[in-house]
Q: 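Would you mind keeping the following structure in view while I ask a few things?
Chain naming here is simple, since letters A, B, ... match the order of the sequence lines and numbering starts at 1 in each. What you are looking at is a predicted structure, and each value in this text was computed from that prediction instead of being measured.
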2 protein chains.
Amino acid sequence: MTENNKKYEQLDEETLFIVSQTFKALSDPTRIRILHLLGENECSVSEIAEQLSLMQSTVSHQLRFLKNLRLVKFRRSGTTLFYSIDDEHVMTLLHQSIHHARHD
Amino acid sequence: MTENNKKYEQLDEETLFIVSQTFKALSDPTRIRILHLLGENECSVSEIAEQLSLMQSTVSHQLRFLKNLRLVKFRRSGTTLFYSIDDEHVMTLLHQSIHHARHD
DNA sequence: TTTATATATGAATATGTGCTCATATATGTT
DNA sequence: AACATATATGAGCACATATTCATATATAAA
């Protein structure tokens with residue numbers, strides 16, 4: 001009786017999809033920079049572009065991606081849209097990873 | 001004086017690279033399944049392939065990827081290589097994400 | 001309504017990624 | 001040495017992804 005009798009529990013499809021999508025969002029340097037910036041301050045699209053030296057178009061495309069995953073939200077003020085973080089759990093994952101990367 | 005005078009601290013290149021690489025490793029369903037399986041048990045390449053219904057070649061390629069990032073390690077026993085987890089921090093990120101995905 | 005400004009979007013392109021097939025390598029056995 | 005088994009690796013392909021350019025849309029001001 002030295003065998004391991006516990007049968008391995010596969011991850012179900014849905015969990016696998018959600019988890020992989022979440023990490024995919026965090027796997028691109030541009031999206032990481034945008035999320036990290038928004039973690040400090042609510043920002044307009046043009047502010048993000050300026051702070052991070054990115055094309056306005058690039059920022060818009062990535063914000064759409066992040067908005068679809070409900071990682072960010074926005075409020076309108078005139079023609080300006082202010083984006084902010086909408087998923088604290090994902091920000092926790094990001095901050096943990098940044099902290100870990102810096103400390104070893 | 002309603003401005004925010006705190007100057008934004010950019011993420012440095014190296015941190016950005018490490019963090020994005022880490023999340024990239026966790027962004028693919030196949031790699032997630034392999035890591036999750038290894039989180040339960042040390043496994044040989046062929047055991048992984050069988051348990052997860054993957055081609056041996058696919059498993060080997062992904063293990064090389066994970067080994068390069070030092071997320072897994074292996075020990076040899078004859079012609080068989082037993083792989084296991086080598087980065088508990090990344091497993092913590094994975095388990096947190098799985099837990100979160102299942103609970104909302 | 002015309003004009004200006006902020007943002008979004010579609011198409012094109014270049015690059016990256018994951019899988020499979022065929023084959024190489026490494027270890028052990030006879 | 002010849003053979004069997006386990007794993008690794010390179011090439012090719014199909015598909016995904018990030019960026020840029022050009023342009024559309026939306027709101028506000030004149």
Side-chain angles (χ1 to χ4, degrees), chain A residues 11 13 16-38 41-84 86, chain B residues 11 13 16-38 41-84 86:
Chain A
L11 285 170
E13 273 299 323
L16 203 54
F17 180 74
I18 296 172
V19 170
S20 62
Q21 285 275 100
T22 301
F23 286 126
K24 190 158 297 178
L26 296 169
S27 71
D28 176 70
T30 300
R31 285 192 291 270
I32 293 174
R33 295 173 75 212
I34 291 173
L35 288 171
H36 187 251
L37 176 60
L38 294 182
N41 271 304
E42 178 190 63
C43 283
S44 69
V45 176
S46 52
E47 282 170 349
I48 297 170
E50 194 196 8
Q51 282 273 352
L52 304 181
S53 304
L54 296 169
M55 303 248 78
Q56 175 266 315
S57 174
T58 299
V59 175
S60 265
H61 280 297
Q62 296 294 9
L63 286 172
R64 179 167 55 171
F65 181 106
L66 296 170
K67 197 175 47 178
N68 288 340
L69 286 181
R70 300 179 189 277
L71 303 190
V72 300
K73 60 181 188 292
F74 66 91
R75 66 178 176 85
R76 179 181 285 281
S77 170
T79 57
T80 305
L81 302 185
F82 288 97
Y83 279 82
S84 57
D86 198 28
Chain B
L11 284 171
E13 273 299 322
L16 202 54
F17 180 74
I18 296 172
V19 170
S20 61
Q21 285 275 101
T22 301
F23 286 127
K24 191 159 297 178
L26 296 169
S27 71
D28 176 71
T30 300
R31 285 193 293 271
I32 293 175
R33 295 174 74 212
I34 292 174
L35 288 172
H36 187 251
L37 176 61
L38 293 181
N41 270 304
E42 178 189 62
C43 283
S44 70
V45 177
S46 51
E47 282 170 349
I48 297 171
E50 195 196 7
Q51 281 273 350
L52 305 182
S53 306
L54 294 170
M55 303 247 79
Q56 175 267 317
S57 174
T58 298
V59 175
S60 265
H61 279 298
Q62 296 295 8
L63 286 172
R64 178 167 55 170
F65 181 106
L66 296 170
K67 197 174 47 177
N68 287 341
L69 286 181
R70 299 177 189 280
L71 303 191
V72 300
K73 61 181 188 291
F74 67 90
R75 67 179 176 86
R76 178 180 288 280
S77 170
T79 56
T80 304
L81 303 185
F82 289 96
Y83 279 83
S84 58
D86 198 28

Q: Is there a side-chain polar atom (N or O) of A:K24 under 4.0 Å from OP1 or OP2 of D:dA16?
A: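 So the side-chain polar atoms of A:K24 never come under 4.0 Å of the phosphate oxygens OP1 or OP2 of D:dA16.
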Q: Has the side chain of B:Q56 got a donor or acceptor that lies under 3.5 Å from a partner of the other kind on the base of D:dA6?
A: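 Side chain to base: no pair below 3.5 Å.
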Q: Report the residue (A:V45 or B:T58) whose heavy-atom-nearest nucleotide on DNA chain C is the more 5′ of the two.
A: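 Closest to the 5' end, via its nearest nucleotide, is A:V45.
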Q: Could you tell me whether the phosphate oxygens of D:dG10, OP1 or OP2, come under 4.0 Å of any side-chain nitrogen or oxygen in B:R64?
A: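 Affirmative; the distance criterion is met.
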Q: I'd like to know if the side chain of B:Q56 pairs up with that of B:S60 as donor and acceptor (distance under 3.5 Å, no hydrogens or angles considered).
A: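 Yes, B:S60 and B:Q56 have a side-chain donor paired with an acceptor closer than 3.5 Å.
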Q: Reading DNA chain D from 5' onward, which residue's closest nucleotide shows up sooner: B:F82 or A:R76?
A: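 In this pair, the answer is B:F82.
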Q: For C:dA6, does OP1 or OP2 lie under 4.0 Å from any side-chain N or O of A:Y83?
A: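 Indeed not, no polar side-chain atom of A:Y83 lies that close.
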Q: Taking the six-membered ring for Trp, are A:F74 and A:Y83 parallel (under 30°), tilted (30 to 60°) or perpendicular (over 60°)?
A: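 Tilted.
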Q: Take the protein atom CG of A:L54 and the nucleotide atom C1' of D:dA18, then report the distance between them rounded to whole Å.
A: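 One finds 11 Å between C1' of D:dA18 and CG of A:L54, rounded.
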Q: In whole angstroms, how far is the C1' atom of C:dA26 from the CZ atom of B:F74?
A: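 Nearest whole value for this atom pair: 12 Å.
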Q: Is any side-chain N or O of B:S57 closer than 4.0 Å to OP1 or OP2 of C:dT20?
A: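 Result: no.
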Q: Under the side chain to side chain contact (heavy atoms under 4.5 Å, CB included) criterion, do A:F82 and A:S77 qualify, and how do the steps go?
A: CA-CA 7 Å; A:F82 288 97; A:S77 170; 3.9 Å; yes
Q: When you check the phosphate oxygens OP1 and OP2 of C:dC19, does a side-chain N or O of B:Q62 lie under 4.0 Å from one of them?
A: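 So the side-chain polar atoms of B:Q62 do come within 4.0 Å of the phosphate oxygens OP1 or OP2 of C:dC19, strictly under.
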Q: Please confirm whether the shortest side-chain N or O distance from A:T79 to OP1 or OP2 of C:dA6 is below 4.0 Å.
A: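 Result: no.
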Q: Specify the residue among A:H61 and A:Q21 whose closest nucleotide of DNA chain D lies further upstream toward the 5′ end.
A: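 First, find each residue's nearest nucleotide; the 5'-ward one identifies A:Q21.
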Q: What is the nucleic acid contact for A:S60, judged by heavy atoms within less than 4.0 Å: base, sugar-phosphate only, or nothing?
A: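 A:S60: base contact, heavy atoms under 4.0 Å.
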